[in-house]
S.K.: 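Supplied in structure tokens, the structure appears directly below.
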Amino acid sequence: MNVFSAYKESPHFSFLSGKAVYIRCLLWLLLPSVIWSFVFGGFYFCAEPFVFPFIEKRLNPKVSFGLKILWIFVFLIAMLASWNIYPAAYNFYFLILMGGAPLQVVFACCIFVFLMCIFLFSAPYRETSAGFKKSILVIGGCFIFMKFMMPVLGQSDGMIRRNIIASSPFVFKVLVLDAQSKDNKFLGPTNAPTFLNHLTSAREVPAKIVLMVVESWGESQASLSEVKKNIAQNGGNIIEAGFTDYHGSTLQGEVRELCSQYIKLDARPNFSSFSGDCAPAYMKKKGYEVLGLHGYLQMFYARKSVWKELGIDNSYFRTDLNQLKTCPGRFSGVCDEELIRYGVDLIAGKDKVFLYMLSLSSHEPVASSMLHMSTQYFQNISAVNESQIVARNAVGTLVAALSNKPQLGCTEAYVVGDHQPPSMGNSDQLQAHQVPYIRMSFNCHG
């Protein structure tokens, strides 16, 4: 059949004749939901495909064909944006990082494009009745209406709303609103609170310094106050805490903290242009040994080479830490608890050392088994999503590890989020456009 040819439809809705046609049609319409659910590890419903069968016969066949091609690209952009991969950074990601991308993401994108190409030329709903098309239009329309009405009803961050996917408005926001509001503001050096700015403004620092950038950590003013109280009650001396602006993905968060620079990943950044002023170089000039730990692959984000450019010569990644327990998730790697305890043990026998750690386990989607892990902190503080629970667990583990090792001597630790959880980016339940930081000391007297 010619993809642009006209077709006839029955005006009646009946499942009694041609059941296979309707089943096949529903499977195609649910395919984007299945792909999204597979990639993000939950149950999600993509409502927009349910509109296509009804509107297709009202459009010129070539226009309809073009519309579906456009929607496939919109869906892919939305899926990648939900991983904090934005269009301006495609060159950086796909030319430099693809070799280290999680297999699930690469596989999902490829299989989706392949199946949707078949979908373009087969469109099984051509053979369904007008009544069926109207019925699924009503279903899709109701879900879309529900998603956009829930903020009006005060449910902007409800699970139901988050699990209904409307790709087109989201992509419009990604391509237009976010680009206009952020790109010009978040570029170049910053005087905002960062680890480097705190470090260089301190009158003196102890012999052991720990920086931990926490994956997908967000808090509100109220919840951060509760986190601080818990830390103070369990051996940590809070020096300073608050919020700092964030922009982009994890690598951009790392550079923000280590170098007090906001960068844009529109091409491979020239790290060497400012790396001499970053925290690792600053600490090495003061006689500190510099170590870096991360529980995932060194090739992802080209992190080993990027860290080396930033001055972290001694780095340890998943392949270097095979003796440590791994945790599940889309980015399966060394468990945060294992990594943190290993890092603290690593610096115990050193005189002057700066330890940089990047956590992993709170990366969305969070594996359900991660939520059952115990932590001695923050149990009485309500959480707005799963990644917040696991991110706090990493902070609590670091507090416990440093508190329980008085032989370390005076140690200062700085914990900060890289970005908010992508599923709740700029939620009104978190500090708008900002991530929390806490600067604290342990075993320091006088």
S.K.: Can you tell me if Glu48 uses its side chain to pair, donor with acceptor, with the backbone of Ser167 under 3.5 Å?
M.R.: yes
S.K.: So do Val399 and Asn230 actually touch side chain to side chain, heavy atoms under 4.5 Å?
M.R.: no
S.K.: Anything under 30° is parallel, anything over 60° is perpendicular, the rest tilted; go ahead and classify Phe75 against Trp71.
M.R.: tilted
S.K.: Say whether, by atom type as modelled, one donor and one acceptor occur between the side chain of Gln252 and the main chain of Ile263 under 3.5 angstrom.
M.R.: yes
S.K.: Compare all side-chain heavy atoms of Leu324 with those of Arg341 and state whether any distance is below 4.5 angstrom.
M.R.: no
S.K.: Ring centroids only, cut at 6.0 angstrom: are Phe317 and Trp307 within range, meaning strictly under it?
M.R.: yes
S.K.: We want to know whether Glu257 and Tyr356 form a side-chain donor-acceptor pair, criterion being a heavy-atom distance below 3.5 angstrom.
M.R.: no
S.K.: Taking Thr326 for its side chain and Val334 for its backbone only, find out whether a donor-acceptor pair lies under 3.5 Å.
M.R.: no
S.K.: Tell me if a side-chain donor or acceptor on Asp336 pairs with a main-chain N or O of Ser359 at a distance below 3.5 Å.
M.R.: no
S.K.: For side-chain contact (heavy atoms from CB on, under 4.5 Å), just list the numbers for Glu240 and Tyr437, CA-CA rounded to whole Å, side-chain angles, deciding distance to a tenth of an Å, and then say yes or no.
M.R.: CA-CA 8 Å; Glu240 188 176 350; Tyr437 71 86; 3.2 Å; yes
S.K.: Quick one: does any side-chain atom of Ser33 pair with a main-chain N or O of Cys46 as donor and acceptor, under 3.5 Å?
M.R.: yes
S.K.: With a 6.0 Å cut-off (strictly less than), is the heavy-atom count around CG of Asn322, excluding the residue itself, greater than 12?
M.R.: yes
S.K.: Side-chain donor-acceptor pair under 3.5 Å between Gln298 and Ser315, yes or no?
M.R.: no
S.K.: With sequence neighbours left out, write down each residue that passes side chain to side chain donor-acceptor pair (under 3.5 Å) with Asp313, or none if nothing qualifies.
M.R.: Lys284
S.K.: Please list, chain by chain and in numerical order, all residues satisfying disulfide (SG to SG under 2.5 Å) with Cys259, sequence neighbours excluded.
M.R.: Cys278
S.K.: Who passes salt bridge (charged side-chain N to carboxylate O under 4.0 Å, His left out) against Lys229, sequence neighbours left out?
M.R.: Glu226
